[in-house]
Participant: 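A single structure is presented below for examination.
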Amino acid sequence: MSHITIRVYGILINENKQVLVSDEYIRGDYFTKFPGGGLEFGEGTRDCLKREFKEEMNLEVEVGEHIYTTDFFQMSAFNSAHQILSIYYFAKALEPITAPLRTKPFDFDEQQLKVYEKIQQTETVRFIDWQQFSAESVTLPIDKIVATIVKEKY
């Protein structure tokens, strides 16, 4: 049965003009993407993004300007019977980030690797300097479009 999944992502740029990304290890594959996740039934897109930042980073954010919504068919990277619709907003941290920030891609600690052993996925976060940030910084096709928009617009 076909299925449409709605995902909501946040582009968080800090005061040093660095872009927050999430490095994820899922079922044997590595992805660098923007923080965010799946919309739950009964939830608005902005509330979803606030919840995802809280769950993933224990971080309160303010959801800002809408950047982009997918306007073409995109099959899920994980299930060929699923179509992905992604919505992107700017996000602003309302408090200091306390989640461990890595400096290298896919720099998972022992605890994160234990999580992976249990559920076949784990993640960590890091900032990318504006000069180094581009569509090449992220893995997923829609994220690449958004990275280009953000880089051209700001």
Side-chain angles (χ1 to χ4, degrees), residues 3-71 74-79 82-103 105-109 111-128 130 133 135 137-151 153-154:
H3 188 81
I4 295 177
T5 302
I6 298 172
R7 301 191 60 83
V8 187
Y9 296 103
I11 312 304
L12 191 152
I13 302 172
N14 69 10
E15 62 282 351
N16 300 322
K17 206 154 185 196
Q18 296 171 307
V19 183
L20 187 71
V21 294
S22 176
D23 287 320
E24 302 189 10
Y25 183 33
I26 304 171
R27 297 193 282 281
D29 287 318
Y30 293 91
F31 300 90
T32 297
K33 59 183 222 34
F34 295 114
L39 183 72
E40 294 178 356
F41 183 78
E43 186 175 52
T45 55
R46 291 170 179 272
D47 288 336
C48 169
L49 190 56
K50 287 180 186 175
R51 175 183 53 76
E52 287 288 343
F53 269 98
K54 192 69 178 165
E55 285 176 5
E56 292 176 12
M57 296 181 63
N58 195 28
L59 182 67
E60 294 285 344
V61 297
E62 179 183 301
V63 179
E65 179 190 345
H66 170 261
I67 302 168
Y68 180 78
T69 297
T70 314
D71 59 2
Q74 179 64 53
M75 189 172 71
S76 168
F78 305 105
N79 185 332
H82 288 207
Q83 178 176 347
I84 300 292
L85 180 74
S86 296
I87 302 167
Y88 296 79
Y89 295 99
F90 281 108
K92 180 178 157 212
L94 294 176
E95 57 190 352
I97 293 173
T98 57
L101 290 165
R102 305 294 183 222
T103 54
F106 309 108
D107 187 11
F108 302 112
D109 63 26
Q111 185 186 357
Q112 290 163 330
L113 291 172
K114 281 182 181 156
V115 168
Y116 180 80
E117 284 172 26
K118 272 192 202 139
I119 63 169
Q120 291 295 292
Q121 66 183 64
T122 193
E123 64 189 291
T124 191
V125 289
R126 65 188 162 96
F127 279 105
I128 299 176
W130 186 254
F133 175 71
S137 307
V138 288
T139 310
L140 303 172
I142 308 169
D143 284 8
K144 288 179 178 295
I145 291 169
V146 172
T148 302
I149 291 170
V150 168
K151 195 73 184 199
K153 204 172 174 184
Y154 301 89

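Because the structure is predicted, anything quoted here is derived from the model rather than measured. By convention here, the first residue in the shown sequence is residue 1.
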Participant: Between the side chain of Lys151 and the main-chain N/O of Trp130, is any donor-acceptor distance below 3.5 Å?
Facilitator: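 Checking the backbone N and O of Trp130 against the side chain of Lys151, a donor-acceptor pair under 3.5 Å is found.
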
Participant: Quick one: pull up CZ in Phe31 and CG in Asp23 and give me the separation to the nearest 0.5 Å.
Facilitator: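 Answer rounded to 0.5 Å: 12.0 Å.
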
Participant: Taking all atoms of both residues into account, what is the closest heavy-atom pair of Gly64 and Tyr89, and its distance?
Facilitator: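 What the structure gives for the nearest pair is O-CD2, 3.6 Å.
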
Participant: So, taking the atom named CD1 in Ile97 and the one named CZ in Phe127, what distance separates them when rounded to the nearest 0.5 Å?
Facilitator: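 Rounded to the nearest 0.5 Å, the CD1-CZ separation comes to 3.5 Å.
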
Participant: Hey, does the side chain of Lys144 reach the backbone of Val138 with a donor-acceptor pair shorter than 3.5 angstrom?
Facilitator: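 Yes, Lys144 side chain to Val138 backbone: donor-acceptor pair under 3.5 Å.
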
Participant: For His3 and Thr5: C-alpha separation, side-chain torsions, deciding distance, then whether side chain to side chain contact (heavy atoms under 4.5 Å, CB included) applies.
Facilitator: CA-CA 6 Å; His3 188 81; Thr5 302; 3.5 Å; yes

Participant: Rounded to the nearest 0.5 Å, what's the gap from NZ on Lys33 to CD on Glu123? Could you check?
Facilitator: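 With rounding to 0.5 Å, NZ (Lys33) is 6.5 Å from CD (Glu123).
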
Participant: Find out whether Glu95 and Leu59 are in side-chain contact, i.e. whether some heavy atom of one side chain is under 4.5 Å from a heavy atom of the other.
Facilitator: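 Result yes, sub-4.5 Å side-chain heavy-atom pair found.
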
Participant: If we check ring-ring contact (aromatic ring centres under 6.0 Å, His included) with Tyr9, which of these qualifies: Phe34, Tyr88, Phe90?
Facilitator: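 The single option meeting the ring-ring contact (aromatic ring centres under 6.0 Å, His included) with Tyr9 is Tyr88.
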
Participant: Quick check: do Gln83 and Leu85 have side-chain heavy atoms less than 4.5 Å from each other?
Facilitator: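 Sidechains of Leu85 and Gln83: no contact.
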
Participant: Determine whether Val150 and Val19 make a side-chain contact, defined as any pair of heavy atoms from C-beta on separated by less than 4.5 Å.
Facilitator: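 Contact flag for Val150/Val19 side chains = no.
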
Participant: Is the CD atom of Gln111 crowded by more than 12 outside heavy atoms at less than 6.0 Å?
Facilitator: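 Atom CD in Gln111 is not crowded, with 12 or fewer foreign heavy atoms closer than 6.0 Å.
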
Participant: Can you say whether the rings of Tyr30 and Tyr25 are parallel (under 30°), tilted (30 to 60°) or perpendicular (over 60°)?
Facilitator: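 Rings of Tyr30 and Tyr25: parallel, under 30°.
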
Participant: What residue among Glu56, Glu40, Glu60 forms salt bridge (charged side-chain N to carboxylate O under 4.0 Å, His left out) with Arg51?
Facilitator: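 Among Glu56, Glu40, Glu60, the one that satisfies the salt bridge (charged side-chain N to carboxylate O under 4.0 Å, His left out) with Arg51 is Glu40.
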
Participant: Using 0.5 Å steps for rounding, measure from the CG atom of Leu140 to the CD1 atom of Ile84.
Facilitator: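 Rounded to the nearest 0.5 Å, the CG-CD1 separation comes to 9.0 Å.
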
Participant: Taking the side chain as everything from C-beta on, heavy atoms only, tell me whether Thr32 gets closer than 4.5 Å to Arg126.
Facilitator: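 Side-chain contact under 4.5 Å: yes.
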
Participant: Does the side chain of Glu52 reach to within under 4.5 Å of the side chain of Val8, using non-hydrogen atoms?
Facilitator: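 Not in contact.
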
Participant: Where is the tightest heavy-atom contact between Ser86 and Ile142, given as atom of each residue plus distance?
Facilitator: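 Minimum heavy-atom contact is OG-CD1, 3.8 Å.
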
Participant: Is any side-chain heavy atom of Leu20 closer than 4.5 Å to one of Pro35?
Facilitator: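 They are in side-chain contact.
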
Participant: Please check: side-chain N/O of Lys92 versus main-chain N/O of Glu62, any donor-acceptor pairing under 3.5 Å?
Facilitator: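 Side chain of Lys92 to backbone of Glu62, a donor-acceptor pair under 3.5 Å: no, none is there.
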
Participant: Under 3.5 Å, is there a donor-acceptor pair between the side chain of Thr124 and the main chain of Phe108?
Facilitator: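 Answer holds: no.
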
Participant: For Phe53, which of Leu12, Asn58, Leu94, Val63 qualifies under side chain to side chain contact (heavy atoms under 4.5 Å, CB included)?
Facilitator: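 The side chain to side chain contact (heavy atoms under 4.5 Å, CB included) with Phe53 is passed solely by Leu12 among Leu12, Asn58, Leu94, Val63.
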
Participant: Output yes when a side-chain donor or acceptor of Thr122 lies under 3.5 Å from a complementary backbone atom of Tyr116, and no otherwise.
Facilitator: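 Here the side-chain-to-backbone pair does not exist.
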
Participant: Closest heavy-atom contact between Ala91 and Gly10?
Facilitator: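 Scanning both residues, the minimum pair turns out to be CB-CA, 4.3 Å.
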
Participant: Mind checking the CG-CG spacing from Leu101 to Asp107? Nearest 0.5 Å is all I need.
Facilitator: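 Taking CG in Leu101 and CG in Asp107, the distance rounds to 11.5 Å.
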
Participant: Looking at Ser137 and Ile128, what are the two nearest heavy atoms and their distance?
Facilitator: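 Nearest heavy atoms, Ser137 then Ile128: CB-CD1, 3.7 Å.
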
Participant: Can you tell me how far apart CD1 (Ile4) and CD (Gln74) are? Round to the nearest 0.5 Å.
Facilitator: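 One finds 13.0 Å between CD1 of Ile4 and CD of Gln74.
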
